[in-house]
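Below, each value reflects all heavy atoms present in this structure, side chains not excepted, and no hydrogens, waters or symmetry copies. If you're wondering where the values come from, they're calculated on a predicted model, not measured in any experiment.
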Amino acid sequence: MKQLSLSFFMLLGFFLFSCGGNTQDQQETESYEYSAEEDTQYTGAEETPAQKRYAERRAKGDTLAMHYKELQKFLPNEIRGFSREGEIEGSSMNMEDGSYSMASQRYRKGEEDLTITLIDYNNAIDMYEGLSGAWASGMSYEDDNQKANGVSLLNNKAKGMEVFAKKDNRCELMAGIAARFYLQIKVNNTTNASLCREIAEGLNLSALDAY
């Protein structure tokens, strides 16, 4: 059986979370009318922590992703014995209905090959909540090829999922931070199933959480 990728678990989690609403909720969504006031700040009893942070940023005029050069500063020169390999990558894109930026760096320690990617998608609140909600549910999966489970970072303020491919000796992790950032870590040629999580814990995630 072909091994499933981390992206599969991300999409599966998003699907399960987004389909959890009942018919009444769907009908209310379909009949919803736009309100300029609600566009600048979420209100009501159903407000979530992610929605609150998003509203606070919008109130300050923070609606664009940070420039990729700024995002690159959050990627370390070295971490857990891994040293940078090759040039750091990055890009920014601004569109009418949102903005996006990414920074990525490869590292190496012996045979182990590490890639750390940070993505800032400041207007992706719905996607963020869908994924982080699924991660927070404690979803897990295991077979002879791989094992997947949820992870908590930043004293339980950031949620994610890690996958270890048993036969390929590969780990992957993806987590949401501050209701806007996505952290993705991949390590090839490793037998340490928790290495991606250990690397994530060694990053300065609290600086990202300040946004």
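If you take CD on Glu201 and OG on Ser152, they are separated by 10.0 Å, rounding to the nearest 0.5 Å. Note that the CG atom of Asn77 and the OG atom of Ser83 stand 9.0 Å from one another [nearest 0.5 Å]. Once rounded to the nearest 0.5 Å, the distance linking CZ of Phe74 with CG of Leu183 reads 12.0 Å. Between atom NE2 of residue His67 and atom CD of residue Glu70 there is a gap of 8.5 Å, rounded to the nearest 0.5 Å. Note that CD of Glu85 is 4.5 Å distant from CZ of Arg108, once rounded to the nearest 0.5 Å.
Between Arg180 and Ala65 the shortest heavy-atom distance is NH2-CA, 4.0 Å. Counting all heavy atoms, side chain and backbone alike, Ala165 lies closest to Gln146 at CA-CB, 4.0 Å. Taking each heavy atom of Ile79 and Gly202 in turn, the nearest pair found is CD1-C, 3.8 Å.
Side-chain N or O atoms of Ser101 include none that pairs as donor or acceptor with a backbone N or O of Ser91 at under 3.5 Å. Without hydrogens or angle criteria, Tyr211 side chain to Met66 main chain gives no donor-acceptor distance under 3.5 Å. No donor-acceptor distance shorter than 3.5 angstrom exists from the side chain of Glu162 to the backbone of Ala148, with no hydrogens or angles considered. Proximity of a side-chain donor or acceptor of Asp168 to a complementary backbone N or O of Arg170 within less than 3.5 Å is not detected.
Phe164 is not listed as a side-chain neighbour of Glu172, based on a closest heavy-atom distance of 4.5 Å or more. Looking at Arg80 and Leu195, their side chains come closer than 4.5 Å, going by heavy atoms from C-beta outward. Residues Phe181 and Leu205 fail the side-chain proximity criterion, which asks for heavy atoms closer than 4.5 Å.
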Query raised in the report: Going through the distances and angles, do Met102 and Tyr182 end up as a side-chain contact (heavy atoms from CB on, under 4.5 Å)?
Result: CA-CA 9 Å; Met102 65 82 64; Tyr182 290 92; over 6 Å; no

Report task. Give the C-alpha distance, both sets of side-chain angles, the deciding distance and a yes or no for side-chain contact (heavy atoms from CB on, under 4.5 Å) between Met161 and Val151. Result -> CA-CA 5 Å; Met161 176 164 282; Val151 294; 5.8 Å; no

Report task. For Leu154 and Ser206, run side-chain contact (heavy atoms from CB on, under 4.5 Å): C-alpha distance rounded to whole Å, both residues' side-chain angles, the deciding distance at 0.1 Å, then the answer. Result -> CA-CA 7 Å; Leu154 279 172; Ser206 59; 4.1 Å; yes

Requested in this report: Report the C-alpha distance between Lys166 and Asn169 in whole Å, list the side-chain angles of each, state the deciding distance to 0.1 Å, and finish with yes or no for side chain to side chain donor-acceptor pair (under 3.5 Å).
Outcome: CA-CA 5 Å; Lys166 302 175 182 178; Asn169 293 332; over 6 Å; no

Query - Candidate pair Lys186 and Leu173, rule side-chain contact (heavy atoms from CB on, under 4.5 Å), full reasoning - result: CA-CA 7 Å; Lys186 298 181 181 180; Leu173 177 145; over 6 Å; no

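More than 12 non-hydrogen atoms from other residues, nucleotides or ligands lie less than 6.0 angstrom from NZ of Lys109.
Following chains of ILVMFWY side-chain contacts shorter than 4.5 Å, one can reach Leu208 starting from Ile185, so the two form part of one hydrophobic cluster. Clustering ILVMFWY residues whenever any of their side-chain heavy atoms sit less than 4.5 angstrom apart, transitively, puts Ile88 in the very cluster that holds Tyr107.
Taking Asp209 as the reference, Arg53, Lys157 meet the side chain to side chain donor-acceptor pair (under 3.5 Å) condition, with sequence neighbours excluded.
Of the charged side-chain nitrogens involved, none lies within less than 4.0 Å of a carboxylate oxygen, so that Arg84 and Glu78 do not count as a salt-bridged pair.
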N/O donor to acceptor pairs below 3.5 angstrom from side-chain atoms of residues 110-119, sequence neighbours left out:
residue : atom : partner : partner atom : Å
Glu112  : OE2  : Thr190  : OG1          : 3.1
Asp113  : OD1  : Arg106  : NH2          : 3.1
Asp113  : OD2  : Arg106  : NH2          : 2.9
Thr117  : OG1  : Ser104  : OG           : 3.1

